[in-house]
Amino acid sequence: MHTIVRFFVQNFDNIRQVEVPVSIKKRINQLDRAERGELRNQLFERAKLLGQTKPTEQITDWLQGCFQVMDQFSFHYNRVFFSPGNGIKESIMKLLRDARSTVDLCVFTITDAELAHQILDCHRRKVRIRIITDDEKIMDDGSEIFRLQKNGIAIKTDHSHYHMHNKFGILDRRVAITGSFNWTYTATRHNQENMLATSKHEIVKQYQAEFDRLWDEMFVLR
């Protein structure tokens, strides 16, 4: 974050015209909601210091320019995908590849080996993975759940005559995915399915709260 602030300060006189380096764009894009709020606070504090030597009009214009750059390159992701076809699966795999800290999945079943491999790759990168799934579907032919558990991934299931039928996930607490899509080969190749992926904070927050609630209620897979 210090690097972003330094870039803004160094370009005080031409913040609206300067070409933003790729490295700065990437740093801004990686900020989550809380970090963007902290960056705004740091810019306000820096504006107070600059106000000791700069006119108020220039300070105001500079801050507005900084916020425009932040808005332009901040992370926003709102997409809808459909199957049959690879759109849903490829989008999930990309989100998993880009995950940096946490992946929480609440999915009915996982039999797609490629998706399971991507989950394992996240785990190897020290991304914290938690999976909630249905206690009956883990026994299906091709289920990847026990392989994921064997590799150290935390998994919980329901203990019910009914199904844990949710199909949603939260990645890095900033993207939620949800829809009819099951994590299976058939859902990708043959079924009519849909998936919504969104970074809308209010929606992500609600899905995260529901996952955390279910995680507390469910049972560790043994």
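Predicted, not measured: the structure shown is a model, and the values here were computed from it. Just so it is clear, the values below take in all heavy atoms, side chains as well, and ignore hydrogens, waters and symmetry mates.
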Can you confirm whether Arg189 is buried at CZ, in the sense that more than 12 heavy atoms of other residues, nucleotides or ligands lie under 6.0 Å from that atom?
no

What's the shortest heavy-atom distance between Leu63 and Ala47, and which atoms?
CD1-CB, 3.9 Å

For the residue pair Lys156 and Trp215, establish whether any side-chain heavy-atom pair is separated by less than 4.5 Å.
yes

Any donor-acceptor N/O pair, Asn11 side chain to Phe7 backbone, under 3.5 Å
yes

Here the pair of heavy atoms bringing Met164 nearest to Asp158 is N-OD2, 3.6 Å

Nearest 0.5 angstrom please: Ile145 CD1 to Thr133 OG1, how far?
4.5 Å

Once rounded to the nearest 0.5 Å, what's the spacing between atom OG1 of Thr102 and atom CZ of Phe211?
9.5 Å

Where do Asp112 and Thr184 land on the side chain to side chain donor-acceptor pair (under 3.5 Å) test, with the steps shown first?
CA-CA 5 Å; Asp112 189 300; Thr184 67; over 6 Å; no

Atom pair CZ/CG of Arg27 and Leu39 - distance to nearest 0.5 Å:
12.0 Å

Check for a donor-acceptor pair, side chain of Gln149 on one end and backbone N or O of Leu221 on the other, with a separation under 3.5 Å.
yes

Without hydrogens or angle criteria, can the side chains of Asp172 and Ser101 be said to hold a donor-acceptor pair below 3.5 Å?
yes

Distance to the ring centre below 6.0 angstrom and angle to the axis at most 45 degrees; does that hold for Lys54 and Trp62?
no

Are Val175 and Ile132 co-members of a hydrophobic cluster defined by side-chain heavy atoms under 4.5 Å apart?
no

Quick one, Ile131 with Ile129, criterion side-chain contact (heavy atoms from CB on, under 4.5 Å). Give me CA distance, side-chain angles, the key distance, then yes/no.
CA-CA 7 Å; Ile131 297 175; Ile129 311 289; 4.0 Å; yes

Judged by atom type as modelled, is there a donor-acceptor pair below 3.5 Å linking the side chain of Ser83 to the main-chain atoms of Thr188?
no

Does a side-chain heavy-atom distance below 4.5 Å link Ser74 with Asn29?
no

Go through it in stages, so that I can follow the logic: the residues are Arg100 and Gln30, the test is side-chain contact (heavy atoms from CB on, under 4.5 Å), and I'd like the CA-CA distance, side-chain angles, deciding distance and then a yes or no.
CA-CA 9 Å; Arg100 295 181 295 151; Gln30 289 175 340; 3.9 Å; yes

Met1-Phe44 co-clustered via ILVMFWY side chain contacts under 4.5 Å:
yes

Is the His163 ring parallel, tilted or perpendicular to the His165 ring (thresholds 30°, 60°)?
tilted

According to a 4.5 Å side-chain heavy-atom criterion applied to Ile, Leu, Val, Met, Phe, Trp and Tyr, with indirect links allowed, do Leu95 and Trp183 form part of one hydrophobic cluster?
yes

Straight-line distance of Arg36 CZ to Phe75 CZ, nearest 0.5 Å:
9.0 Å

Where Val204 and Ala176 come nearest, the two heavy atoms and their spacing:
CG2-N, 3.7 Å

Is a salt bridge present between Glu217 and Arg213, judged by a nitrogen-to-oxygen distance below 4.0 Å?
yes

Distance check, rounded to the nearest 0.5 Å: Arg79 atom CZ versus Ile177 atom CD1?
13.5 Å

Quick one: which of Arg125, Arg147, Glu144 gives a side chain to side chain contact (heavy atoms under 4.5 Å, CB included) with Leu120?
Arg147

Let me see the working for Lys205 and Asp32 under salt bridge (Lys or Arg N to Asp or Glu O under 4.0 Å), right down to the final yes or no.
CA-CA 13 Å; Lys205 183 178 179 180; Asp32 60 25; over 6 Å; no

Classify the side-chain pair Glu38/Gln42 by whether it contains a donor and acceptor separated by less than 3.5 Å.
yes

Can you establish whether the number of heavy atoms outside Lys94 located under 6.0 Å from its atom NZ is more than 12?
no

Quick one: are Pro84 and Gln192 in side-chain contact, heavy atoms under 4.5 Å?
yes

Plane angle bin for His190 and Tyr185 - parallel if under 30°, tilted between 30 and 60°, otherwise perpendicular:
perpendicular

Taking a hydrophobic cluster as the set of Ile, Leu, Val, Met, Phe, Trp and Tyr residues connected by side-chain heavy atoms closer than 4.5 Å, whether directly or through intermediates, do Ile138 and Phe219 fall within one such cluster?
no

Indicate the atoms forming the closest heavy-atom contact of Phe146 with Met139, along with that distance.
CE1-SD, 3.9 Å

Minimum side-chain heavy-atom gap Arg174-Arg33 below 4.5 Å:
no

Verify whether one side chain among Asn191 and Thr186 offers a donor that lies under 3.5 Å from an acceptor in the other.
no

Salt bridge flag under 4.0 Å for residues Asp104 and Arg173:
no

Ile88 and Phe81: which non-hydrogen atoms are nearest, and at how many Å?
CG1-CB, 3.5 Å

Min side-chain heavy-atom separation Arg46-Val5 under 4.5 Å
yes

Dump the intermediate steps for side chain to side chain donor-acceptor pair (under 3.5 Å) on Gln208 and Asp212, then the final yes or no.
CA-CA 6 Å; Gln208 187 67 65; Asp212 291 340; 3.2 Å; yes

Side chains of Ile92 and Met195, heavy atoms from C-beta outward: is any pair under 4.5 Å?
yes

Mark yes or no: Arg40 above the aromatic ring of Phe67, with NZ or CZ under 6.0 Å from the six-membered ring centre and no more than 45 degrees from the axis.
yes

Check for a donor-acceptor pair, side chain of Ser143 on one end and backbone N or O of Thr111 on the other, with a separation under 3.5 Å.
no

Describe, in one word, how the ring planes of Tyr207 and Phe168 are oriented to each other, choosing from parallel (under 30°), tilted (30 to 60°) and perpendicular (over 60°).
tilted

Per side chain to side chain contact (heavy atoms under 4.5 Å, CB included), Val103 is matched among Ile170, Ile153, Ile119, Val127 by Val127

Can you give me the closest heavy-atom contact between Cys122 and Leu96, atom names plus distance?
SG-O, 3.0 Å

Can you check whether Gln64 reaches Arg16 side chain to side chain, under 4.5 Å on heavy atoms?
yes

Linking I/L/V/M/F/W/Y whenever their side-chain heavy atoms sit closer than 4.5 Å, directly or via other members, would Ile24 and Met70 fall into one cluster?
yes

Arg130 CZ: over 12 foreign heavy atoms closer than 6.0 Å:
yes

Under the side-chain contact (heavy atoms from CB on, under 4.5 Å) rule, what do Asn166 and Leu214 come out as? Steps first, then yes or no, please.
CA-CA 11 Å; Asn166 277 308; Leu214 290 172; 3.7 Å; yes

In Å, rounded to the nearest 0.5 Å, how long is the span from CG of Leu43 to CG of Asn41?
9.0 Å

So Leu115 and Met93, do their side chains get closer than 4.5 Å, heavy atoms only?
yes

Which residue in the set Asp135, Asp141, Asp134, Asp140 passes salt bridge (Lys or Arg N to Asp or Glu O under 4.0 Å) when paired with Lys137?
Asp140

Pair Phe12, Gln58 - check side-chain contact (heavy atoms from CB on, under 4.5 Å), show working.
CA-CA 9 Å; Phe12 179 88; Gln58 288 186 14; 3.5 Å; yes

